[in-house]
Amino acid sequence: MAEATDTEPASGGPEHRYSASLAQGIETSWQDRWEAEGTFEAPNPAGPLADADLLAERGEKLFVLDMFPYPSGAGLHVGHPLGYIGTDVFSRFKRMTGHNVLYSMGFDAFGLPAEQYAVQTGQHPAVTTDGNIANMRRQLRRLGLSHDTRRSISTTDPDYYRWTQWIFSQIFNAWYDERTGTARPIDELVSEFASGERSTPDGRPWDALDPAERRRILDDHRLAYVSEAPVNWCPGLGTVVANEEVTADGRSDRGNYPVFKRNMRQWMMRITAYADRLIDDLDLLDWTDAIKTMQRNWIGRSHGARVDFASPAGPLTVFTTRPDTLFGATFMVLAPEHPAVETLTTPEQADAVADYRRAASAKKDVDRQDESREKTGVFTGSTATNPVTGDEIPVWIADYVLMGYGTGAIMAVPCGDQRDFEFARRFGLPIPAIQQPPATWFEARDITPSLDTSKWPEAFVGDAPYVNSSNGALDLDGTSSVAEGVATVNSWLSDNGHGEATVTYKLRDWLFSRQRYWGEPFPVVYDADGNPHTLPDEMLPVLLPETDSFSPRTFDADDEFSDPESPLDRLSDWVEVELDLGDGPQTYRRDTNVMPQWAGSCWYELRYLDPTNSNAFVDPEVERYWMGPRADLRPDHPGGVDLYVGGVEHAVLHLLYARFWHKVLHDLGHVSSLEPYARLFNQGYILANAFKDERGIYVDATAVTEVDGQFLHEGQPVEREWGKMGKSLKNAVSPDEMYEAYGADTLRLYEMAMGPLDASRPWETRDVVGMYRFLQRLWRTIVDEESGAATVSDGPADEETRRLLNRTIDIVRTEMDALRFNTAIAKLIELNNHVTKVHQATGSTPREVAESMVLMAAPLVPHIAEELWSRLGHDSTLTYEEFPSADPALLVDDEIEMPVQIKGKVRARVMVPADADEATIRQIALSDERVLAALDGADPESLRKVIVVPGRMVNLVP
RNA sequence: GCGGGCGUGGCGGAACUGGCAGACGCGCAGGAUUUAGGUUCCUGUUCCUCGGAGUGUGGGUUCGAGUCCCACCGCCCGCACCA
């Protein structure tokens, strides 16, 4: 198995040396014992997993969660479990400091790879998936992860996706009430319409509407709705995909196929209703600013104003963040797709406009969004009225205005917006100045100050006094703050009926249907009129029907005008169904879409809490216990998982969708927590050298040798680069190789020691041996390599050892609690290096030292720690032993060494009493020979400056 | 272009609120054990003209800067004609 013979320790040596094979034996037998004893099972406060006594014994609750994996067929490489090892060490540490830790692992198993494999082989994806999950469970178990395996789920289990479908129904049967700022059941909307508390869109009484009209109104309010809208059609995948799954260059996240905008009838989720809360509640979360910023940018809230411009096609509404610049709006630009373009186009301009629109529609979004491109556009022939100046201004179309943002129309202020400036220059449109830029602005551009914009090299953006900005009723001239200008114009606009202050978002509703096979079926049927109905709860789950035709109709990846065809469409026996939904038996058609892969990951952490509950997706009491808000920690604590660890790649997909679902569930009263993940920690990636040959093809990294700084593969020079570990770069290292050569504890320790958990770091197989040697030394300080007997003594340790031990305990506790395992390990090694010397001198290790070392190492290297613990005479697992605490008396020394600096350079060290005051320290320092020598004759009594920082250092300035 | 982050020995990385730069590990050198290689153990290891210099570069604040401020260079990540 292990090819890396140069790193593999040879067999031989003393019988009881901590060798790879000894480690393997220890590891597997402890893994068996943990499983048999249910060591890591965490008790619930209620339901089938309840155990009141155990709950009382375990202490404060703590929910630690990994982003669950997709069970890939390739299995794990050593890069995958970095985060899992981190959460395991933390969970084990917390168990030893009095916490009831919920720690489990599930599988996000719906999705494309299993389906594509099924298409190729004809094997049902469920079979592939189950096999992959079993394999992954085995690999994770071999690492010694302390999961409560009773709580493990797969998103593909019918018992799981039954509740995914149930949550969908909840969302479908809910609407967002702007007045309360929450989702509410749709029945309450009906009551409000019926009672007249809320008026219908056209003001007619609810009773006066026919059933179809009522339905339409309700459907328009639902949080999950079917809509005909421009969506991302990906012929290469045969399905539509969400905005979040389209890359910046207009291709699919998965498979990298072209994506086209097409109008299609699809399921959408009204995530935009939650835009404000999704932004504002980020303030409640203990997440990195980087991730919060990404979410804020994705939601893209901008404050501004809606302004109406009168035109022959009726009022043209624009969105602007700078209503204060309205006096400088000298033309308008509409997106080529804007519905008013048809009406506005005059006969003379008809051909030019038609040509331009055709050219624009042929372009992909990517090309349209290339900023460096010269501005293009066409005049429609019509004008609109600037509401503050009363001027007639020309209306153009141009592809730099996007139909998908704001209103698809802009007012152009060429003096204050760079794009408008370029457009006006290109087409000879007027550029009146409406602000007086400061002198420094002109100086920086090396021109003389002037309001003649033909001299300006670019638009001016910022605070500056307004000019030419009054119309009698509205006067900005003299004002010089943008904020003030905006406020003044906004109130004028609403007072005069020309617009109002408003907020716009980049976030679009979430496209929720996919035309694939391997996903959750929608719990939806359509009646004879084509109206969707969710199935009653007792009809769930809607099982994914059996078939041997898993593939959607596939198309040429560039065939924009193909149409999606779901595999479920073909199953006519399944699609047509006779049901009684309350109006007597009728024939319905099932929805043949499936949900996107993100659906199952929107709520999986909740199912870990109560995995076998068949009455509810989670018992509210159990949810409150594990995830309820912790006002005791912080008044505004939102609740949720205490620690969530995963990669940064889910910053806007999974993490945004899951927050949205969780908030809906909260609003509908199903969960007490406001947010799913209170604290998020992004672990880094393990990188590895990858090597390319002269043809640019990756070669097997294990077959590359380094000779004098040159990298060779089969004698040929190859080029080195860094990359994420994986199959595609041919640089994956399997954990099995590491078990074979060193064992799981060494692998765990190496991954934790190689750097801080949140940093990406390069894998170096040759470095692993350092941690192996440490474990051998640790073993040797407690176990005799010849006899296997423990070599501990019961007398007290010497003073120096006890002080070092207690200092180490103090630091290791702090570091582990802060997830800084790399520095905790360094301290343990230092301690062990010292204890090794004691052992060599006396032939034994004092028991108090040995036991503390084993307990401190246990979270990191649980197998060897358990084995040593048992050899120290303990019968039961150390999982719930108390983590060592430092004796404060041993943390302070009587005398400490202090550096003495002369002009900031360390010249000497002196010993001073730990509690010495400044004067004493000064006196000691200034009487030290080496200090006097270093002062080089300067009079110690007439130094220019003497700085004494007690406990730190002394600095002398002659 | 905008936003965020990061630059420390041959390598991975330590250094808490400014206070002994280079903890710990790898590698390397020397030694012990071994027939030998490997393993294991011990000692040393920032650099150089041995007195200094040194945390990407150049300035600044300070008694004192890897840490704070300014400018620049380089790398990484996210967003990108967002009105």
Side-chain angles (χ1 to χ4, degrees), chain A residues 5-6 8-14 17 19 248 288-294 296-298 300-302 304 318-322 325 333 368-373 375 398-402 404-413 417-420 422-423 504-506 648-649 651-652 709 722 749-750 753-756 759-771 773-774 776-777 780 785 811 814-815 818 820 822-830 833 836-837 840 897-909 943-949 951-957:
Chain A
T5 47
D6 54 332
E8 184 185 359
S11 49
R17 171 164 291 172
S19 65
T288 62
D289 287 336
I291 299 281
K292 290 187 185 183
T293 304
M294 280 189 234
R296 285 197 192 96
N297 290 345
W298 187 261
R301 177 163 65 187
S302 19
V318 304
F319 172 75
T320 175
T321 54
R322 292 291 304 275
T325 63
V333 186
R368 273 181 66 166
Q369 288 173 13
D370 178 4
E371 235 173 302
S372 57
R373 210 164 43 92
K375 296 274 176 287
D399 62 8
Y400 77 91
V401 176
L402 307 172
Y405 183 75
T407 62
I410 62 163
M411 65 180 209
V413 182
D417 181 284
Q418 187 56 25
R419 291 156 304 171
D420 299 343
E422 287 168 25
F423 193 86
T504 297
Y505 305 88
K506 267 178 13 182
V648 72
E649 71 272 16
V652 290
W722 288 107
L749 196 59
Y750 172 64
M754 60 200 288
S760 291
R761 45 316 220 345
W763 177 269
E764 285 289 359
T765 296
R766 73 176 184 189
D767 289 359
V768 179
V769 70
M771 293 301 116
R773 288 180 193 146
F774 163 54
Q776 284 185 325
R777 284 202 300 277
R780 212 162 24 231
E785 290 192 330
I811 297 173
T814 309
E815 299 300 274
R820 288 192 291 261
N822 52 329
T823 48
I825 291 166
K827 292 297 166 189
L828 288 174
I829 293 173
E830 274 181 274
N833 287 347
T836 298
K837 290 195 178 76
Q840 279 166 352
E897 189 189 72
M898 271 178 57
V900 180
Q901 301 178 342
I902 298 187
K903 291 206 320 196
K905 297 279 175 202
V906 178
R907 298 299 179 187
R909 291 158 213 278
L943 292 168
R944 272 202 296 157
K945 216 154 202 175
V946 179
I947 289 119
V948 178
V949 184
R952 290 275 193 200
M953 41 56 69
V954 178
N955 193 12
L956 309 176
V957 185

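Order of the sequence lines sets the chain letters (A, B, ...), proteins ahead of strands, with each chain counted from 1.
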For [N], does OP1 or OP2 lie under 4.0 Å from any side-chain N or O of [X]?
X	N	result
Arg296(A)	G78(B)	no
Arg773(A)	U40(B)	yes
Asn822(A)	C24(B)	no
Gln776(A)	U40(B)	yes
Asn833(A)	G25(B)	yes
Ser302(A)	A83(B)	yes
Arg780(A)	C41(B)	yes
Arg820(A)	A23(B)	no
Arg761(A)	G25(B)	no

Using the side-chain heavy atoms of [X], tell me which of these nucleotides is nearest: [options].
X	options	answer
Tyr405(A)	C82(B), A14(B), C41(B)	C82(B)
Phe319(A)	C26(B), A23(B), A83(B)	A83(B)
Met294(A)	G4(B), A23(B), G78(B)	G78(B)
Val769(A)	C41(B), C24(B), C26(B)	C26(B)
Arg766(A)	G10(B), A83(B), G25(B)	G10(B)
Thr321(A)	C42(B), A83(B), G25(B)	A83(B)
Thr836(A)	G19(B), U43(B), C42(B)	C42(B)
Pro762(A)	A83(B), U40(B), G12(B)	G12(B)

Item to check | Side chain Lys827(A) and base C24(B) donor-acceptor under 3.5 Å | outcome: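 No, the side chain and the base share no sub-3.5 Å donor-acceptor pair.
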For [N], which nucleotide is its Watson-Crick or G-U wobble mate, given both distances must be under 3.5 Å?
N	result
U40(B)	A32(B)
A15(B)	none
G7(B)	C73(B)
U46(B)	A53(B)

How would you label the contact of [X] with the nucleic acid (heavy atoms, under 4.0 Å): base, sugar-phosphate, or nothing?
X	answer
Glu830(A)	sugar-phosphate
Met953(A)	base
Val957(A)	sugar-phosphate
Lys945(A)	sugar-phosphate
Asn955(A)	base
Thr504(A)	nothing
Ile947(A)	base

Next on the checklist: Restricting to non-hydrogen atoms, name the atom on Ala651(A) and the atom on Met294(A) that form the minimum distance, rounded to 0.1 Å.
Outcome noted: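 Here Ala651(A) and Met294(A) meet closest at CB-SD, 3.6 Å.
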Item to check | Syn or anti conformation of G58(B), syn meaning chi within 90° of 0 | outcome: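 Chi for G58(B) falls in the anti range.
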